[in-house]
Amino acid sequence: MTDDTLRSGLVSIGELARSTGLTVRTIRFYCDEGIVESQRSAGGHRLFDADSATERLLLVRRLRALGLGLGSIVDVLRGEQSIAEAIAAESARLDIEFRSLAWRRAALRAVESAGPLQRTERLALLAAAQDGGVVHDGLIQFWRRVLAPIPRHDIDLWVYWNVPEPPADPSVEDVVAYAELAALAASPGMHGAVRRQYWRHRSELIRDSRELYADMDEVMRDVAPLVSADVLPHAGTELDRFVHAHAHARGERDSPDFRRRLRTDATDSDHRIHRYWTLTEQFFGSRVTVGRAHNWLYNALTHSTEAPRVDQRRRRL
């Protein structure tokens, strides 16, 4: 280097490599990618501004050490996102990656721990549910179709309360149960069975689905404490409101005949539906889902159409 070069604050690529800990080859690559600027000496050698190039390359090196990709780093250098934003995005990406790895690990352990007779069946079950996030999206789509034509924004809370998210660090039992939920939702006839359970018979006669949906939501909220308290299904205000909502939606009135028709071709006893809601309890614990509340109302409806009305609430011993 000449004295003029030193006075101008320029350094060679070799000196820049020594001050930053990067190789000459790496610095050349960053130059070619436009990450750091250089100029040419009279002899054609690359020269760099000592302060700005060093600061820039040290930042690149440190961000790369944290695993950030060059695309994110370039965005930071161009001012298109802050360092904090780039770090947050990388952290979110790692969260997704870790969740995927945890799911895969649990799935592998689930197959490994299965007995010889179960292994083939379990392998097929888990192979169809390789990603918990994808399964969750599929369950949401399943319920959106069941609840159609209710708009998506009206059922967001319903989905949150009734569709379990995949655990961040699932156990073998968790991943098997979640995969079974996906298999049940995809089984032939399941959509029609669940839709019939929710909307009951002759759903084509329902005049205002959104009004009925809102009425059902209120009834389910009031039934949930009864289910939590182990109150046995019985005829009463909750059942009356349930029946009235369905009758009103169809332009009819509550009557013994209408109550019997509500049970016509009912799918509430479908073993797949019961299994589905039983599996959700593994993730929700004591939370009362719509499935449990609906089952309580169906049993109350059955009792009310098979025996005289009793206004006494009995608790399980």
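Heavy atoms only: backbone and side chains are in, while hydrogens, waters and symmetry mates are out. For clarity, every value in this text was computed on a predicted model and none was experimentally measured.
S304 places a side-chain N or O within donor-acceptor distance of the main-chain N or O of L301, the cut-off being under 3.5 Å. Side-chain atoms of W296 do not come within 3.5 Å of backbone N or O of G291 as any donor-acceptor pair. Between the side chain of N299 and the backbone N or O of N295, at least one donor-acceptor pair lies under 3.5 Å. Between the side chain of N162 and the backbone N or O of V290, at least one donor-acceptor pair lies under 3.5 Å.
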Requested in this report: Using the ring-ring contact (aromatic ring centres under 6.0 Å, His included) rule, take H246 and F242 through it: C-alpha gap first, then chi angles, then the decisive distance, then the call.
Outcome: CA-CA 7 Å; H246 277 285; F242 175 79; 4.9 Å; yes

Query raised in the report: Can you check side-chain contact (heavy atoms from CB on, under 4.5 Å) on R275 and E180, steps first, answer last?
Result: CA-CA 9 Å; R275 179 61 179 164; E180 190 176 346; 2.8 Å; yes

Report task. Run the numbers on D257 and R261 for salt bridge (Lys or Arg N to Asp or Glu O under 4.0 Å), then give the verdict. Result -> CA-CA 6 Å; D257 177 64; R261 280 186 282 136; 3.0 Å; yes

Query - Check against side-chain contact (heavy atoms from CB on, under 4.5 Å), I87 and L68 - result: CA-CA 8 Å; I87 295 295; L68 270 70; 3.9 Å; yes

**Report entry** From CA spacing to verdict: side-chain contact (heavy atoms from CB on, under 4.5 Å), L262, Y298
**Finding:** CA-CA 9 Å; L262 272 185; Y298 175 74; over 6 Å; no

Query raised in the report: Going through the distances and angles, do E55 and L58 end up as a side-chain contact (heavy atoms from CB on, under 4.5 Å)?
Result: CA-CA 5 Å; E55 180 181 0; L58 285 175; over 6 Å; no

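For the pair S12/R46, no side-chain contact is recorded, criterion being any heavy-atom separation below 4.5 Å from C-beta on. Between I35 and L70, some side-chain heavy-atom pair lies under the 4.5 Å cut-off. Side-chain contact between L126 and Q130 is absent, with no heavy-atom pair separated by less than 4.5 Å. In this structure, T54 and F48 have side chains that are not in contact, with every pair of non-hydrogen atoms separated by 4.5 Å or more. Within the 4.5 Å cutoff, the side chain of Y160 has heavy atoms near those of the L157 side chain. Counting only heavy atoms from C-beta outward, the side chains of L47 and S38 never approach each other to under 4.5 Å. For the pair Y30 and R56, the minimum side-chain heavy-atom distance is 4.5 Å or more. Side-chain contact between H303 and L239 is absent, with no heavy-atom pair separated by less than 4.5 Å.
Considering all non-hydrogen atoms of both residues, R119 and E112 come closest at NH2-O, 3.3 Å. Scanning all heavy atoms of the two residues, the minimum distance from V36 to I27 falls at CG1-O, 4.4 Å. A pairwise comparison of heavy atoms in L16 and T20 identifies O-OG1, 2.7 Å as the closest pair. Nearest heavy atoms, H294 versus R200: NE2-NH1, 4.2 Å. Heavy atoms only, all atoms of each residue included: S72 and Q81 are closest at O-NE2, 3.4 Å. Taking both residues in full, the closest heavy atoms of R105 and D169 are given as NH2-OD1, 2.6 Å, listed atom of the first, atom of the second, then distance.
Residue M216 is grouped with residue V227 when hydrophobic side chains (ILVMFWY) are merged at heavy-atom distances under 4.5 angstrom, including chains of intermediate members. By the criterion of side-chain heavy atoms lying less than 4.5 angstrom apart, applied directly or through intervening Ile, Leu, Val, Met, Phe, Trp or Tyr residues, L108 is not grouped with V175; the two fall into different hydrophobic clusters.
Ring planes of W277 and W143: tilted class, angle from 30 to 60°. Below 30°, between 30° and 60°, or above 60°: for Y198 and Y213 the angle between ring planes is between 30° and 60°, a tilted geometry. Below 30°, between 30° and 60°, or above 60°: for Y178 and W103 the angle between ring planes is above 60°, a perpendicular geometry.
Atom-to-atom distance recorded for S52:OG and E37:CD is 7.5 Å, nearest 0.5 angstrom. T305 contributes atom OG1, which lies 13.0 Å from atom CZ of F258 (distance to the nearest 0.5 angstrom). We find the OG-CG distance between S91 and L66 to be 11.0 Å, quoted to the nearest 0.5 Å. T278 contributes atom OG1, which lies 11.5 Å from atom CD1 of I273 (distance to the nearest 0.5 angstrom). Taken to the nearest 0.5 Å, the CZ atom of R196 stands 7.5 Å off from the OG atom of S203. Here the CG atom belonging to D265 is positioned 11.5 Å from the CZ atom belonging to R263, to the nearest 0.5 angstrom.
Checked for salt-bridge contact, R202 and E204 meet the test: a charged N lies under 4.0 Å from a carboxylate O. A salt bridge is defined here as a Lys NZ or Arg NE, NH1 or NH2 lying under 4.0 Å from an Asp or Glu carboxylate O, and R272 with D270 meets this definition.
S171 and D174 share a donor-acceptor pair across their side chains, judged by distance under 3.5 Å alone.
Evaluated for a side chain to side chain donor-acceptor pair (under 3.5 Å) with R241, the options D254, D215, D222 yield exactly one hit, D222.
Applying the 6.0 Å contact sphere to CZ of R25 captures no more than 12 heavy atoms from other residues, nucleotides or ligands. Few gaps surround CZ on R145; more than 12 heavy atoms of other groups in view lie less than 6.0 Å from it. Within 6.0 Å of the CD atom in E85, the count of heavy atoms belonging to other residues, nucleotides or ligands exceeds 12. Within a 6.0 Å sphere centred on CD of E121, heavy atoms belonging to other residues, nucleotides or ligands number 12 at most. Counting non-hydrogen atoms of neighbouring residues, nucleotides and ligands closer than 6.0 angstrom, the CZ atom of R253 reaches no more than 12 such neighbours. Around CZ of R221, the count of heavy atoms belonging to other residues, nucleotides or ligands within 6.0 Å does not exceed 12. Heavy atoms of other residues, nucleotides or ligands lying less than 6.0 angstrom from NE2 of H248 number 12 at most. The environment of CD in E80 is crowded: more than 12 heavy-atom neighbours from other residues, nucleotides or ligands sit within 6.0 Å.
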